[in-house]
**Student:** 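Please read through the structure below; I'll follow up with questions.
Remember, it's a predicted structure, so these values are computed and weren't measured experimentally.
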Amino acid sequence: QVQLVESGGGLVQAGGSLRLSCAASGRTFSSYVMGWFRQAPGKEREFVAAIRWSGGSTYYAVSVKGRFTMSRDNAKNTVYLQMNSLNPEATAVYYCAAARSLGSVGLEGSYDYWGQGTQVTVSS
């Protein structure tokens, strides 16, 4: 079993930055893909970013590319999402997810484990 615990959410003004963390435990993650998704009020959950534990290749949604950066710390089994130049449209609950293998990184169904989510609110 895999446990994912997100942290780092909060309230920030437009133009500001936040860094989300996702601590993973329970497995060896060398072959995993880790992802971030978000769900805004009244909207479906959408893909934000993903990273492969092995090699560190990253993938981003078009809407965040250039502003968000996903990274990992293998020693801490933790992945991060650095979010810069935030706008109110980024307000959502952000979820960390883990996939046992590389499928379609942008699809929820590719992921086997999910965290509880952390709230990000961007004020205008």
Side-chain angles (χ1 to χ4, degrees):
Q1 191 68 6
V2 172
Q3 293 81 40
L4 304 173
V5 179
E6 303 99 334
S7 61
L11 174 64
V12 64
Q13 288 187 333
S17 299
L18 277 177
R19 188 177 81 155
L20 305 183
S21 301
C22 173
S25 61
R27 287 276 186 176
T28 300
F29 295 95
S30 59
S31 62
Y32 277 53
V33 175
M34 303 296 293
W36 285 99
F37 286 74
R38 66 186 180 187
Q39 187 167 21
K43 295 186 177 181
E44 295 186 351
R45 191 153 54 183
E46 65 175 3
F47 170 73
V48 176
I51 190 168
R52 299 182 71 171
W53 274 111
S54 177
S57 297
T58 51
Y59 312 83
Y60 296 97
V62 172
S63 60
V64 306
K65 199 168 186 178
R67 299 184 298 117
F68 290 14
T69 302
M70 188 170 182
S71 61
R72 78 207 191 288
D73 184 330
N74 290 0
K76 295 181 178 180
N77 272 358
T78 299
V79 295
Y80 304 95
L81 184 67
Q82 177 67 42
M83 306 185 293
N84 298 328
S85 301
L86 285 162
N87 55 46
E89 288 70 36
T91 295
V93 177
Y94 283 70
Y95 296 91
C96 177
R100 289 190 294 262
S101 59
L102 181 63
S104 297
V105 296
L107 298 180
E108 288 187 57
S110 297
Y111 294 84
D112 305 290
Y113 306 99
W114 292 83
Q116 293 299 308
T118 185
Q119 176 71 47
V120 171
T121 303
V122 183
S123 64
S124 57

**Student:** Just by distance, do the side chain of Ser110 and the backbone of Ser104 share a donor-acceptor pair under 3.5 Å?
**Tutor:**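 Side chain of Ser110 to backbone of Ser104, a donor-acceptor pair under 3.5 Å: yes, one is there.
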**Student:** Can you get from Met83 to Tyr60 by hopping between Ile, Leu, Val, Met, Phe, Trp and Tyr side chains that sit under 4.5 Å apart?
**Tutor:** yes
**Student:** Should Leu86 and Tyr80 be counted in the same cluster of Ile, Leu, Val, Met, Phe, Trp and Tyr side chains packed under 4.5 Å apart?
**Tutor:** no
**Student:** Measure across Cys22 and Met34 and return the closest heavy-atom pair with its distance rounded to 0.1 Å.
**Tutor:** SG-CE, 4.3 Å
**Student:** With a 4.5 Å heavy-atom cut-off, do Trp53 and Val79 have their side chains touching?
**Tutor:**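 The answer is yes, as the side chains (C-beta and beyond) meet within the 4.5 Å cut-off.
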**Student:** Ignoring hydrogens, what is the shortest heavy-atom contact between Tyr32 and Arg100? Give both atom names and the distance.
**Tutor:** OH-CG, 3.5 Å
**Student:** Mind checking whether Thr118 and Leu20 have side chains closer than 4.5 Å, heavy atoms only?
**Tutor:**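 Yes, side chains in contact.
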**Student:** Grab the two heavy atoms, one from Arg38 and one from Ser63, that are nearest each other, plus how far apart they are.
**Tutor:** NH2-OG, 3.7 Å
**Student:** Please lay out, stage by stage, how Tyr95 and Glu108 fare under the test side-chain contact (heavy atoms from CB on, under 4.5 Å).
**Tutor:** CA-CA 11 Å; Tyr95 296 91; Glu108 288 187 57; over 6 Å; no
**Student:** Answer yes or no: is there a donor N or O on one side and an acceptor on the other, between the side chain of Arg67 and the main chain of Ser85, under 3.5 Å?
**Tutor:**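 Yes, Arg67 side chain to Ser85 backbone: donor-acceptor pair under 3.5 Å.
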**Student:** State, to 0.1 Å, how close Ala24 and Leu4 come at their nearest heavy-atom pair, and which atoms those are.
**Tutor:**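 That closest heavy-atom pairing would be CB-CD2, 3.6 Å.
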**Student:** Would you please classify the geometry between the Phe37 ring and the Tyr111 ring as parallel, tilted or perpendicular, with 30° and 60° separating the classes?
**Tutor:**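 Because their plane-to-plane angle is over 60°, the rings of Tyr111 and Phe37 count as perpendicular.
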**Student:** Which heavy atom of Asn84 sits nearest to which heavy atom of Ser17, and what is that distance?
**Tutor:**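 Smallest interatomic distance, heavy atoms only, reads OD1-OG, 2.9 Å.
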**Student:** Using the rule that two of Ile, Leu, Val, Met, Phe, Trp, Tyr join whenever any of their side-chain heavy atoms come within less than 4.5 Å, decide whether Val12 and Val64 are in one cluster.
**Tutor:**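 They do share one cluster, since a chain of ILVMFWY contacts under 4.5 Å joins Val12 to Val64.
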**Student:** Answer with yes or no whether the hydrophobic clustering places Met70 together with Tyr113; edges join I, L, V, M, F, W, Y residues whose side-chain heavy atoms lie under 4.5 Å apart.
**Tutor:** yes
**Student:** What are the two closest non-hydrogen atoms of Val33 and Ala50, and how far apart are they?
**Tutor:**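 It is CG1-CB, 4.2 Å.
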**Student:** Checking side-chain contact (heavy atoms from CB on, under 4.5 Å) for the pair Cys96/Trp36: CA distance, chi angles, key distance, verdict?
**Tutor:** CA-CA 5 Å; Cys96 177; Trp36 285 99; 4.0 Å; yes
**Student:** List the steps and the verdict of ring-ring contact (aromatic ring centres under 6.0 Å, His included) for Phe47 and Tyr59.
**Tutor:** CA-CA 10 Å; Phe47 170 73; Tyr59 312 83; 7.9 Å; no
**Student:** Under 3.5 Å, is there a donor-acceptor pair between the side chain of Glu6 and the main chain of Gly117?
**Tutor:** yes
**Student:** Starting from the C-alpha separation in whole Å, work towards a yes-or-no answer on side-chain contact (heavy atoms from CB on, under 4.5 Å) for Leu81 and Val48.
**Tutor:** CA-CA 9 Å; Leu81 184 67; Val48 176; 4.1 Å; yes
**Student:** Tell me whether Thr91 contacts the main-chain N or O of Val122 through its side chain, where contact means a donor paired with an acceptor under 3.5 Å.
**Tutor:**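 Looks like yes, one N/O pair under 3.5 Å.
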